[in-house]
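Heads up, the thing below is written out as structure tokens.
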Amino acid sequence: MSYFSRKRQEYLSLDQVDRRRFWTDGLLNNALYILMAIFIIFTAVSNKNFLSPSSIVNIITLAAVSLPMALGIGGCIVLTGTDLSAGRVFGLAAAMTAAFLQNRAATKLIFEHLPNANGGWILLVLLVVMIVGAIIGMVNGFFVAKFSLHPFIVTLATQLITYGVILMFFQINGNGGGPISNVAQEFKNVVSGPAFRIAKWNVSIPWYVLFALFLVVIMWIVWNKTTFGKNMFAVGSNMEAARVSGVNVFMTTVLVHTLAGALYGFAGYVEAARLGSITAATGLNNESDAIAACVIGGVSFVGGTGNIGGIVLGVFVLRIIFVALNMLGINPNLQYIIKGAIILAACSLDMRKYLVRK
Amino acid sequence: MEKEILLKMTDISKAFPGVKALDHVSLDLEAGTVHALMGENGAGKSTLMKCLFGIYTKDSGQIFLEGKEVNFKNSREALDNGVAMVHQELNQALKRSVMDNIWLGRYPKKGLIVDEAKMYKDTSAVFEELDIHVDPKRIMSTMPVSQRQMVEIAKAVSYNSKVIVFDEPTSSLTEEEVEHLFRIINMLRDRGVGIIYISHKMAEIKRISDTITIMRDGTHVVTKPAKELSNADIIRYMVGRELTNQFPEKTNKPGAVSLEVEGLTAQYSLLKDVSFQAREGEVLGLAGLDGSGRTETLENIFGNATRKSGTIKLRGKVCKNRNPIESIKNGFSLLTEERRATGIFAIENIRDNTIISSMKKHLRFGLLNSKSMREDTQWSIDAMHTKTPSQETKIRSLSGGNQQKVIIGRWLLTEPEVLLLDEPTRGIDVGAKYEIYQLILDLANRGKTVLMVSSEMPELLGICDRILVMSGGRLAGEVDAKTATQEEIMTLAAKYV
């Protein structure tokens with residue numbers, strides 16, 4: 001018997017009450033997708049440009065920018081935690097990248113004796129900023145795991161500490177807190193430059209979209225195919241049971257945060273290439289969008305649930321909404337209110353699926 | 001004389017998609033009686049009670065309380081009408097005090113301020129009445145499960161309830177505490193309270209109840225005075241077939257000494273100077289009252305608790321067992337006491353729950369191999385006779401017995417030499433218990449050393465070879481399971497109290 005005919009039989013065997021529930025449940029469980037579809041159609045009708053190739057590519061690139069951070073924070077949320085330091089770590093990585101990869105011909109340099117932006121140096125800087133991110137993440141994970149502190153508290157503290165470091169970084173060599181700009185073109189070319197063009201629609205896809213795709217694949221493997229991933233879900237689902245089962249809870253927690261930190265570092269690196277000019281405020285509150293994307297995508301704060309596909313979806317949903325609100329010409333102040341309402345609604349709908357019905 | 005019918009449930013039906021959970025079930029509860037409700041897990045006992053308390057909406061049927069039809073929308077409304085329930089799985093605010101828990105949702109107030117003095121006084125009064133010795137200001141999480149259960153019972157009594165439902169109240173109580181509970185129940189009965197008593201334990205039911213109703217597969221099977229039903233009758237009605245023995249035949253032959261524990265003393269609990277030996281193929285029981293150090297013994301051997309001193313040897317080799325990871329490597333495994341809190345990963349599926357302790361085996365080039373994980377999980381499901389629709393089913397939707405089988409399977413996949421089982425049959429129905437006993441004996445037959453903690457003495461006498469009795473954190477003595485009596489064990493258990 002095929003899947004559908006079996007489902008059909010199942011449905012026919014239900015009585016009146018259960019049939020009604022079948023429809024309301026189906027409607028509510030998929031409400032996010034239904035509402036998104038309605039929203040997209042509405043926006044597309046109001047503004048013809050919304051579904052144009054360049055707008056779609058714009059949404060994809062914006063999603064690719066915010067994906068790495070969401071992938072990192074997702075792991076922290078699976079552990080029933082969170083990470084408030086993400087935005088600042090991202091900012092520090094962006095600032096360091098910009099400073100290390102300034103155009104050597106520029107008049108105002110943060111560091112005067114650095115090599116030109118050649119391939120090896122560009123790669124080395126990536127490694128350095130990812131390691132810096134990883135170290136901050138490791139500190140987060142260490143305090144969470146060693147002293148059983150709630151990640152909210154630990155990352156609140158490291159957020160402040162990182163901000164202090166950022167402010168000091170912007171004072172180096174008499175910079176006086178001004179933006180770090182003049183990022184080398186060679187660097188921009190390999191990160192935010194076009195990877196390929198689609199001539200038919202006259203759009204080009206930047207490299208970092210491919211990078212984000214690569215990270216999604218890697219993270220999918222890490223979450224689903226490694227002992228580390230399974231351990232992460234076990235710890236998030238029931239820490240005591242994990243400990244008794246022989247899971248190294250300490251290591252797992254530290255690693256989840258470390259990996260997250262490295263991903264923020266990566267995201268900051270891309271940001272430096274994309275914007276070309278970084279200020280001390282870069283990355284401020286970025287974590288809230290990343291957390292929202294994860295939760296919309298079904299990474300529940302209950303812990304132990306969530307998947308990479310959901311995070312990708314969450315990031316896209318959020319980006320589509322942001323772009324659409326702009327295209328509809330909604331007052332920017334009102335946009336915040338709408339975003340907040342959407343996050344609340346999406347999470348309430350998502351939570352329905354995890355509730356144990358009585 | 002006909003007693004007044006307090007609670008009348010007639011023709012209650014309830015269906016879930018695909019399952020008829022209740023099929024026209026009726027139940028009459030007379031005032032001043034204890035009415036036992038029996039049946040295997042999934043027989044519909046809990047569903048029936050959930051319909052009474054409005055946790056489920058019944059599809060059909062009527063409920064009358066003192067002749068008036070009622071339809072409670074939630075347990076709060078039921079409570080306000082004098083119908084209370086003591087749940088099997090305690091849902092309490094553990095970080096709060098005893099009295100906060102008892103008066104939760106109806107704090108006495110002086111103006112806008114909660115009247116703590118009155119709360120304290122009223123709590124003390126209820127405790128005195130029930131002969132419970134607990135400080136009303138004590139924080140719940142610092143008390144053993146048994147005392148928390150007593151608090152739950154006191155809460156039900158404090159509502160002046162006319163009907164009290166006890167759902168498996170003794171599953172975490174020792175014999176002595178069961179006696180106490182029975183004194184309370186008898187007192188309530190004398191006051192004219194109607195009591196519905198849900199339990200798996202035959203001996204208990206026969207002692208305490210006046211009437212027994214047995215359910216099977218969502219239907220009412222029989223209601224009879226307790227005196228007229230023998231144990232064999234009850235099992236036959238419950239299982240629907242003859243189950244001649246409560247315990248499987250003992251076929252294991254203890255061999256050479258494998259595990260030697262010497263002077264085990266805990267850092268943070270009362271466990272002191274415990275020494276014993278266990279053999280290959282032996283089932284060694286650990287008896288004692290709640291808090292006598294049984295669980296602590298297992299936890300200290302497994303490195304799940306901090307040891308102060310003492311050595312553990314397996315086949316002559318010293319095992320440090322500083323943490324569970326090391327212990328598992330050394331061939332130990334621990335089935336924890338509280339399955340839901342420290343055993344299962346409720347929201348993960350059967351497969352992830354099965355392979356969590358033996359993942360290294362499935363690594364191919366650093367990645368997990370889905371095929372071998374599926375094979376191992378299938379082996380565990382087949383070997384344990386776990387009843388589950390699929391490997392992808394979330395473990396929380398299985399019955400307690402099947403969850404326990406998944407965890408035992410998890411441990412067998414680590415190829416342990418020593419199995420430390422803490423209350424392996426708690427909250428499991430008769431049929432499944434028998435299967436767990438069989439599994440334990442099979443393990444012994446394969447040369448494993450099994451250490452088993454249980455509060456049910458018949459169970460220890462039924463399947464162990466020797467039984468160690470603990471008292472006040474020390475080893476009080478050892479008895480031969482073939483010849484020992486419950487009285488003997490109880491005497492030893494009281495030695496250092």
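In what follows, every chain begins at residue 1, and chains take the letters A, B, ... in the order their sequences are listed.
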Spacing of CD1 belonging to B:I55 relative to CG belonging to B:N74, to within rounding of 0.5 Å: 9.0 Å
Note: B:E337-B:R426 ion pair, threshold 4.0 Å (strictly below): yes
Heavy-atom contact with chain A under 4.5 Å, split by part of B:L363: side chain
Chain A contact via B:L367 - side chain, backbone, both or neither, heavy atoms under 4.5 Å: both
Pair B:S380, B:R410: side-chain N/O donor-acceptor within cut-off below 3.5 Å: no
Pair B:S390, B:T393: side-chain N/O donor-acceptor within cut-off below 3.5 Å: yes
Pairs of heavy atoms under 4.5 Å with chain B: top-ranked of A:T227, A:N248, A:N224: A:T227
Most chain A-contacting option - heavy-atom pairs closer than 4.5 Å, from B:A346, B:G343, B:P324: B:P324
